[in-house]
Amino acid sequence: MVMGAFPQTIYFMGANAPVGQEVDLRGLKVEGDLPPEVRGSFYRAVPDPAFPPKFENDHTLSGDGMISRLSFNGDGTADFTMKSVETARYRAEKAAGKALFGKYRNPFTDDAEVQGVDRTVANTTPVWHAGRLLMAKEDGRPYRVDPMTLATIGSYDFGGALNSETMTAHVRIDAQTGELFFYGYEADGPASAKVAYCIVAPDGTLTSEQWFDAPYCAMMHDFTISENYALFPVYPTTSDLDRLKAGGEHWHHEPERDSWLGVMPRYGDVSEIKWFKGPKGCHSYHMMNAWEDVDGMLHFDACLNSTNAFAFIREPSGIFLQPQDIQGALTRWTVDPKADGGEVTESVIGPPGDFPVIPAKMQGQPYSFGFMLSMNPALQGPPLFAGPVGVSFNMLLRLDGMDTPAPRVTGALPLAPMAGYNEPVHVPAADPARDGWLVFIVDSQIGDDQFHHEAWVVDAGDITAGAVAKVVIPTHLRPQVHGWWVPQEQLDAL
Ligand code: V55
Ligand code: FE
């Protein structure tokens with residue numbers, strides 16, 4: 001690799017080309033009819049490597065975290081700001097003027113001078129709870145950032161209360177109780193099967209941290225809660241300490257290995273976990289929800305694939321597939337939480353896709369509707385090549401009847417060729433009879449290495465109608481991972 005050059009791979013070219021620019025754009029015009037409820041800030045996590053990686057096979061998940069904020073000001077304008085999360089890793093590399101940390105989640109490939117330095121990149125989800133904004137990444141502890149200035153405050157361990165070395169980027173907040181539920185896997189170091197399950201009170205106090213052993217060390221990217229249970233899926237994307245020590249990849253996908261769903265009472269003891277067996281070889285990054293029906297059966301709704309969606313994980317595992325060879329579907333696993341384990345009952349309840357979104361108040365509850373991103377099978381032209389899979393989703397879907405055995409797709413919003421979605425956030429409506437709003441950024445390619453970015457506001461009750469309001473963001477943006485909506489009154493209360 002030429003010194004100072006990014007690898008010429010899909011993870012660093014085109015829409016994925018590093019930008020590395022802090023942005024401060026004030027007074028952008030909101031076009032259209034902005035609903036008064038859309039008053040607050042849309043935070044997004046964006047990986048963007050500050051320096052060319054030490055290894056040619058690096059990919060978007062290693063990028064240094066940047067946090068962006070789109071603030072709807074309530075006067076027909078919006079502000080767009082974006083800053084680097086100043087992690088210990090970012091600071092060390094800035095001081096050296098080059099990459100010092102090696103492969104994705106392999107500390108044994110780091111330069112000697114940074115051995116022992118926190119190597120997380122805080123690039124996956126901006127988590128808002130108890131008036132704190134945390135930039136989370138599943139391989140380490142989160143970084144706390146100032147929600148107004150986006151300045152980095154520092155690594156966050158709940159005031160010294162957290163023992164786990166990691167905190168997931170996919171937390172669940174029970175809107176009824178205000179509690180934050182999260183876990184950390186590889187809780188005591190790379191390739192460990194230890195998982196820390198944690199509960200945080202509405203005031204931000206970590207009140208419970210219990211450790212358990214997963215069936216094996218797996219990429220546990222997301223989990224769910226229901227009213228009475230915590231549900232931990234384990235899919236066979238696995239790690240191995242000897243492989244890491246030999247300088248190998250953190251993850252291999254193992255198609256012949258079983259998947260598992262661990263279920264425990266959410267306020268119970270981890271010794272109560274029961275493990276239900278799922279199909280071999282499958283994988284999901286994101287769950288839509290979990291909920292209990294009137295008979296006490298537990299339903300776990302996930303965007304499931306027949307293998308790991310990322311080629312940079314499949315290929316080092318010896319799995320060579322074309323995208324069309326990968327099966328996916330919104331899939332329900334049903335278990336009886338009072339049974340002593342057994343197997344999950346699987347049913348297909350929706351189309352292939354990812355980035356499921358539900359209103360915050362439906363978290364863990366029987367829920368009537370949800371949204372997800374998918375590919376438009378009727379697209380007349382090329383999609384947008386972007387993100388860790390290489391292609392952006394180009395259709396937003398609404399599903400209704402989620403609390404029935406047969407949910408239905410009831411709305412679709414396809415994009416034009418060479419345009420792609422970033423994950424929406426849901427903004428609640430003031431009127432409980434309305435479904436609220438979805439806010440997201442649409443990326444479009446408008447020429448060789450030329451891109452256009454807009455934030456769209458869509459009526460969640462009528463996505464087919466398209467954007468009711470838009471904000472053009474006149475700067476180049478790299479694809480986001482996840483986002484979070486914070487209403488203005490919560491920022492005003494700080
Ligand atoms: C994902 C993203 C990550 C990661 C592991 O989208 C999984 C899935 C942005 O970082 O480290
Ligand atoms: Fe995720």
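Numbering of ligands and ligand atoms starts at 1, following listing order. Remember, predicted model here, so these are calculated numbers, not experimental data.
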For this session: For this output row, return yes or no: ring centroids of Phe310 and Tyr285 closer than 6.0 angstrom.
Result: yes

Problem set entry | the Fe ion (ligand 2) - name of the N/O/S atom of His482 that sits closest to it | NE2

Exercise. Relative to the ring of Phe158, is the ring of Phe182 parallel (under 30°), tilted (30 to 60°) or perpendicular (over 60°)?
Worked result: parallel

Exercise. How are the rings of His476 and Phe451 set to each other: parallel, tilted or perpendicular (split at 30° and 60°)?
Worked result: parallel

Exercise. Is it true that Tyr183 and Tyr197 have ring centroids separated by less than 6.0 Å?
Worked result: no

Exercise. Applying a 4.0 Å heavy-atom criterion (strictly less than), which segment of Arg105 is in contact with ligand 1: side chain, backbone, both, or neither?
Worked result: neither

Problem set entry | Donor-acceptor under 3.5 Å (Arg172 side chain, Asp222 main chain) | no

Exercise. Which atoms from ligand 1 have a heavy atom of Tyr285 less than 4.0 Å away?
Worked result: 7 (C), 8 (C)

Exercise. Any idea how His221 and His170 line up, ring-wise: parallel (<30°), tilted (30 to 60°), or perpendicular (>60°)?
Worked result: perpendicular

Exercise. Going by the atom numbers of ligand 1, which of them fall below 4.0 Å from some non-hydrogen atom of Val481?
Worked result: 9 (C)

Exercise. Among protein heavy atoms, which sits nearest to atom 2 (C) of ligand 1, and what does the distance come to when rounded to 0.1 Å?
Worked result: Leu61 CD2, 3.5 Å

Seminar exercise, completed: For Tyr104, the ligand 1 atoms with a heavy-atom partner under 4.0 Å come out as 4 (C), 5 (C), 11 (O)

Exercise. If you measure every N/O of Thr124 against every N/O of ligand 1, is any gap under 3.5 Å?
Worked result: yes

Problem set entry | Proximal atoms of ligand 1 relative to Lys137 (non-hydrogen, under 4.0 Å) | 3 (C), 4 (C), 9 (C), 10 (O), 11 (O)

Seminar exercise, completed: Logged contact type for Phe310 with ligand 1, heavy-atom cut-off 4.0 Å, is side chain

Exercise. Which heavy-atom pair separates Leu231 from Ser226 by the least distance, and what is that distance?
Worked result: CD1-N, 4.0 Å

Exercise. Do Phe212 and Phe232 have their ring centres less than 6.0 Å from each other?
Worked result: yes

Exercise. For atom 1 (C) of ligand 1, what's the nearest protein heavy atom and its distance?
Worked result: His221 CE1, 3.3 Å

Seminar exercise, completed: Here the vertex angle at the Fe ion (ligand 2) for NE2 of His170 and NE2 of His286, given to 10°, is 100°

